[in-house]
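Worksheet for the structure shown next.
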Amino acid sequence: MKIWVDADSCPKAIKEILFRAANRTEIITTLVANQLLQVPPSRYIKTLRVNAGYDVADNEIIKCLNAGDLVITGDIPLANEVIEKGGHAINPRGELYSHENIKERLNMRDFMENLRASGIHTRGFAPQNSGDVKAFANQLDKFLAKQK
């Protein structure tokens with residue numbers, strides 16, 4: 001198993017948790033982004049820089065993904081593709097996406113996007129807080145322990 005990170009929008013606190021987990025579990029963790037990333041020196045932490053553009057990083061993650069790999073992303077359409085390909089996805093707030101919940105999340109995302117497109121003002125997500133970071137760390141630990 002490998003861990004892939006949709007790193008352009010991944011919060012710093014989540015990246016730090018992933019760095020520690022990569023070294024502790026010796027799982028190759030690759031951050032995919034369209035910008036240069038600073039990562040600590042480690043044989044388990046890699047970066048993959050892609051060209052700028054719509055869904056370029058997402059497409060690269062899907063291209064490299066193998067069944068059983070884990071993807072860290074807040075992008076619901078990407079999470080849906082990951083699950084369809086046999087992978088696993090966790091968002092930076094600690095929610096594990098699954099066959100049971102991804103379609104509902106995708107439908108809600110599309111609904112909200114349609115509201116915004118029709119001019120209705122919707123509130124975005126609240127900023128990430130320490131509870132979200134803790135939820136992510138707990139979900140990641142639980143997932144990794146189950147994989148052993």
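Nearest heavy atoms, A52 versus V56: O-CG2, 4.0 Å. The heavy-atom pair separating A7 from L31 by the smallest distance is CB-CB, 3.8 Å. Across all non-hydrogen atoms, the minimal contact from N34 to G53 is ND2-N, 4.4 Å. Pairing each heavy atom of Y97 with each of G74, the nearest pair is OH-O, 4.4 Å. Here the shortest heavy-atom pairing between A79 and I102 reads CB-CD1, 3.9 Å. Nearest approach of I45 to P40, heavy atoms of both residues: CD1-CG, 3.9 Å.
Of the listed residues (L48, V32, I72, L37), just one forms a side-chain contact (heavy atoms from CB on, under 4.5 Å) with V5, and that residue is I72. Residue H88 is tested with V71, L70, I83 for a side-chain contact (heavy atoms from CB on, under 4.5 Å); the sole match is L70.
D58 CG to L65 CG: the interatomic distance, rounded to the nearest 0.5 Å, is 12.0 Å. Atom SG of C64 and atom CG of N59 lie 11.0 Å apart (nearest 0.5 Å). Interatomic distance, CG of D55 versus CD of E81, reported as 8.0 Å (0.5 Å rounding). Within the model, atoms NZ of K85 and NZ of K63 stand 10.0 Å from one another, a figure rounded to the nearest 0.5 Å. For the atom pair K15 NZ and T29 OG1, the distance stands at 13.5 Å (nearest 0.5 Å). In this structure, the separation between OG on S9 and CG on D75 is 7.5 Å, given to the nearest 0.5 Å.
In this structure, W4 is not a member of the same hydrophobic cluster as M1, with clusters built from ILVMFWY side-chain heavy atoms closer than 4.5 Å. Neither Y44 nor V39 shares a network with the other; the hydrophobic side chains, linked directly or stepwise wherever heavy atoms of I, L, V, M, F, W or Y lie under 4.5 Å apart, form separate groups for each. Using a 4.5 Å cut-off between side-chain heavy atoms of Ile, Leu, Val, Met, Phe, Trp and Tyr, with links allowed through other members, I14 and L96 fall into the same hydrophobic cluster.
Put simply, the side chain of V82 reaches to within 4.5 Å of the side chain of L78, judged on heavy atoms. Here the side chains of T30 and K2 are not in contact, with every heavy-atom distance at 4.5 Å or above. Inter-residue side-chain proximity for N80 and K103 is flagged as met; some heavy-atom pair is nearer than 4.5 Å.
Q128 places a side-chain N or O within donor-acceptor distance of the main-chain N or O of P92, the cut-off being under 3.5 Å. Proximity of a side-chain donor or acceptor of N91 to a complementary backbone N or O of E95 within less than 3.5 Å is detected.
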Between T25 and Q147, is the side-chain contact (heavy atoms from CB on, under 4.5 Å) condition met? List the steps. CA-CA 11 Å; T25 62; Q147 300 308 306; over 6 Å; no
Atom pairs and distances, side-chain donor-acceptor, residues 134-145, under 3.5 Å, sequence neighbours left out:
from : atom 1 : to   : atom 2 : distance (Å)
N138 : ND2    : K134 : O      : 3.4
Q139 : NE2    : G94  : O      : 3.2
D141 : OD1    : R24  : NH2    : 3.0

